[in-house]
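Inspection log for the structure reproduced underneath, given as structure tokens.
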Amino acid sequence: GARTFWVVQDNASRQAEQNAGAKAQETVGKLVLLRKAREARQQAARPLLEEATSAALPAKALPLLEEAETLAPGWAEIPLARGRLLMKAGRAPEAALAFTEALKRRPADPVSLRGRAAARQAAGDSAGARADRAAAEALAPTSSSRALTRGQKALAQSKVQEAMAAISEGLALPGDDLRGLKARGEA
């Protein structure tokens, strides 16, 4: 009677735990496969992204980014690059939208926030630009790009030693956009 009930109950509990464990392992396995597939798509799109960012004319670069998007949909680097290209082309409102898309894909990214701040400022949205700069500062108060900006300001004021110190500090910090520039050999 009662003993049989508890044995059956105990076996059912053990079986449920085993099923849950197997289900969890299966889910983890699927997540690992999804991550590997996403990384492979990004790797396939990287040459297009690099070619687009090195292109002198946005008219040539933007189609490359569209092609990269088909290879790696949802990758935040693509709208980030699009925003930068649109800013170079003087298309600030469109650039702001591209940076917003990058933020949807990678929320709380100080690089995308700074890009959107610059685009908003250029488009005449000073309040939006201030809000984005404040949000970026809150996320990365001592980022490499902030140090680079300090160095550029000091250099503009002919404070060479101060500029060199700030730029050296930026190179030593965990980076955001400055690390990307270094990786591409632009800094």
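In this text, all values refer to a predicted model and were calculated from it rather than measured experimentally. Along the sequence shown, residues carry numbers from 1.
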Would a 4.5 Å heavy-atom cut-off, applied to side chains only, mark Arg130 and Arg120 as touching? no

Indicate if Leu139 and Leu103 have the same hydrophobic cluster label, given that clusters are the connected sets of ILVMFWY residues with side-chain heavy-atom separations under 4.5 angstrom. yes

CG/Leu80 to CG/Asp109 distance, rounded to the nearest 0.5 angstrom? 6.5 Å

Can you see which heavy atom on Ala96 is nearest to which on Ala119, and at what distance? N-CB, 3.6 Å

Rounded distance [0.5 Å steps], CZ in Arg114 versus CD in Glu137: 7.5 Å

So, do Arg84 and Val111 sit near enough that their side-chain heavy atoms are less than 4.5 Å apart? yes

Distance, nearest 0.5 Å, that separates CD of Glu50 from CD of Glu77: 10.5 Å

Compare every heavy atom of Met87 with every heavy atom of Ala95, then report the nearest pair and how far apart it is. CB-CG, 3.6 Å

By side chain to side chain donor-acceptor pair (under 3.5 Å), which residues pair with Gln157, not counting sequence neighbours? Lys159

State, to 0.1 Å, how close Gly151 and Ala163 come at their nearest heavy-atom pair, and which atoms those are. O-CB, 3.3 Å

Quick one: closest heavy-atom pair of Pro110 and Ala136, and the distance? O-CB, 3.8 Å

Between CG of Leu71 and CD1 of Ile78, what distance do you get to the nearest 0.5 Å? 8.0 Å

Atom pairs and distances, donor-acceptor, side-chain atoms in residues 60-70, under 3.5 Å, two or more places apart:
| unit_1 | atom_1 | unit_2 | atom_2 | d |
| --- | --- | --- | --- | --- |
| Glu66 | OE2 | Arg82 | NE | 3.4 |
| Glu69 | OE1 | Arg105 | NH1 | 3.0 |
| Glu69 | OE1 | Arg105 | NH2 | 3.4 |
| Glu69 | OE2 | Gly74 | N | 3.1 |
| Glu69 | OE2 | Arg105 | NH1 | 3.2 |
| Glu69 | OE2 | Arg105 | NH2 | 3.0 |
| Thr70 | OG1 | Glu67 | O | 2.5 |

Tracing side-chain links under 4.5 Å among I, L, V, M, F, W and Y, which residues wind up in one group with Val160? Leu155, Met164

